[in-house]
Amino acid sequence: MKRRIIFHIDVNSAYLSWEAAYRLQQGESLDIRTIPAVIGGDPQTRHGIVLAKSIPTKKYDIKTGETLYSALSKCPNLLIVRPNYLLFRQCSEALRDVLKEYSPTIQQFSIDEYFLDYTAMENLFGEPLQAAHTIKERVKKELGFTVNIGISTNKLLAKISSDFQKPDKVHTLFPEEIPTKMWPLPVEDLFLVGSATTRKLHARNIHTIGELAGTDPLYLRSFLKSHGLLIWNYAHGRENSPVRPGAIPIKGIGNSTTTSFDVEDLHEAHLVLLSLVETMCTRLRHKGYLAQLVAVSFRTNEFLNYSHQRKLSFSTDSTNEIWEIACQLLDELWQGQPLRHLGVRVGELCQNDFIQPAFFVRDRVKERKIDRAIDEIRERFGAQAIIRSSYLHSGLKPIAGGVITEEEYPMMTSIL
DNA sequence: TCTGGGGTCCTAGGACCC
DNA sequence: TCTGGGGTCCTAGGACCC
């Protein structure tokens, strides 16, 4: 079989680049990529963190994932911009539209990463390196942000090489280049080697990807289980999953929040849950799913995590019903520790293609109508247009979590 | 470093059935 | 009455990703 050619396209400092491109396009003269600037933070949450940073933040030693408080202490005149997820989605889609011109087989891996199968496309757009440069320059010129492109024969190697040197670069990591380009890298640069695995490998004196590749896979399996065999194969560059075009169906939907104060009161905890369930269920209904599993989780002020879930004998997308179950689960789990983080999640999703009212134990038909009416009002007039009266004097936010605010953003018409 | 929010997958143990 | 072992489902927790 002819060897495949896979591209991995990765937007450099995506959130910051996109915000910068947007501001320039709106007529601002300052490019926030050229000053110390970060994207991140939500005034409502207790500790916002750095989601993306400009290159000039490097000399202040600001790291992604660091708290804004810490970043500000290192650089007092740091510009902090809240993430604008609607903009990010638009930019991601604009990138996808460019990539689609170079291959019908592209896969979105995250909001700022795509795989593209370039196999057999040489006749149309030239050698892989040439095509990658064409794509990179087009994105820069037409969309206003830079990308890194990694080229190899599978997704794993393409992804690792897109990470080599940034920004605005094209790299290759073909199998024959593995010993020189990949094996000297620290083992934590390998995909799916996170902090826990790194710790275990370091404890056994395995520090580079090359050393991992040279380790007996059965020994790796003895302390990493099947994950050990997986990363051993990765260390040899072996991976052969296809670039899957089209949307991958989601398995679950969740919503969680770090509270701005310790929650110690049951009624308060229930209200926080409701605010999370409200947005989660709106998303659930918007996607046309019913859920058969409800889970709650929390984190105590001592940073201990707990979770509790229940499989239902029926499927539902009702805000009230899921809230009631979530409250039951919380009550069963919680022993009164002060809470600083609460989450709710639904899973076991099925498509809401047919409704069978006869199966409904309670008056779900009416509840569905109410839920949908509320969704519609919020869609037309904003999330705060209709809120539960229980929030009026509670001091809590009635709608919590990662809602994409459907505010009117001036379209980036000229570049998107 | 004192740690956000959205996900996915794996593992281990217990319950239950045959 | 006690017993084996396999399969499946369920739950909690951990690890990983961006």
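Every chain is numbered from 1 and lettered A, B, ... according to where its sequence line falls, protein lines coming before strand lines. Predicted model only: the values in this text are computed from it and were never measured.
- Residue pairs that meet the ring-ring contact (aromatic ring centres under 6.0 Å, His included) test with at least one member in residues 174-203 of chain A, sequence neighbours left out, are A:His202-A:His207.
- Taking a pair as Watson-Crick or G-U wobble with both distances under 3.5 Å, DNA chain B forms stems of 3 or more consecutive pairs at B:5-18 with C:5-18.
- At a cut-off of 3.5 Å, with distance as the only test, a side-chain donor of A:Lys181 or A:Thr172 sits close to an acceptor on the other residue.
- To the nearest angstrom, P of B:dG5 lies 17 Å from CZ of A:Phe298.
- Among the atoms of the strands shown, only primed sugar atoms or phosphate atoms (P, OP1, OP2) are found under 4.0 Å from some heavy atom of A:Lys225.
- Set against B:dG6, B:dC10, B:dT8, the side chain of A:Lys251 has B:dT8 as its closest nucleotide.
- For A:Arg345, no side-chain nitrogen or oxygen approaches OP1 or OP2 of B:dG5 to under 4.0 Å.
- The two residues A:Ile32 and A:Ala20 make their nearest non-hydrogen contact at CG1-CB, 3.6 Å.
- Taking atom CD of residue A:Glu348 and atom P of nucleotide B:dT8, one finds them 12 Å apart after rounding to whole Å.
- Heavy-atom distances to DNA chain B give each of A:Glu66 and A:Gly252 a nearest nucleotide, and the one nearer the 5′ end belongs to A:Glu66.
- Residues A:Leu78 and A:Leu72 have side chains in contact (heavy-atom distance under 4.5 Å, counting atoms from C-beta outward).
- With centroids closer than 5.5 Å and planes inclined by less than 30 degrees as the test, A:Phe303 and the base of B:dC2 fail to qualify as a stacked pair.
- Neither OP1 nor OP2 of B:dG4 sits under 4.0 Å from any side-chain N or O of A:Arg340.
- A donor-acceptor pair under 3.5 Å links the side-chain atoms of A:Ser318 to the main chain of A:Glu321, judged by distance alone.
- Distance A:Tyr15 OH to B:dG5 P: 13 Å, rounded to the nearest Å.
- A:Tyr102 has its ring centre no less than 6.0 Å from the ring centre of A:Tyr118.
- Note: CD (A:Gln108) to C1' (B:dG6) measures 14 Å, nearest angstrom.
- Contact annotation: A:Asn255 does not reach the phosphate of B:dG5 (side-chain N/O to OP1 or OP2, under 4.0 Å).
- Of the possible donor and acceptor atoms, none in the side chain of A:Thr153 sits under 3.5 Å from a partner among the backbone N and O of A:Arg4.
- Here the rule is side-chain contact (heavy atoms from CB on, under 4.5 Å) with A:Arg33, and of A:Leu24, A:Ile55, A:Asn12 only A:Leu24 fits it.
- If you measure from atom CD1 of A:Ile253 to atom P of B:dG6, you get 11 Å, rounded to the nearest angstrom.
- Positionally, the nearest nucleotide of DNA chain B for A:Leu51 lies more toward the 5' end than for the other of A:Leu51 and A:Gly254.
- Looking only at distances, no side-chain donor or acceptor of A:Asn301 sits under 3.5 Å from a matching main-chain atom of A:Leu339.
- When heavy atoms are screened at a 4.0 angstrom cut-off, A:Gly343 is found touching no nucleic acid atom at all.
- Put simply, CG on A:Leu329 is 14 Å from C1' on C:dC10, counting in whole angstrom units.
- For A:Thr67, no side-chain nitrogen or oxygen approaches OP1 or OP2 of B:dG4 to under 4.0 Å.
- Using a cutoff of 4.0 Å between basic side-chain nitrogens and carboxylate oxygens, A:Lys53 and A:Glu66 are not scored as salt-bridged.
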Could you write nucleotides 11-18 of chain C as a row of B, S and -, 5' to 3', where a protein heavy atom under 4.0 Å of any base atom gives B, of only sugar-phosphate atoms gives S, and otherwise -?
BSS-SSSS

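- For the C1' atoms, the distance from C:dC17 to B:dG4 is 14 Å, rounded to whole Å.
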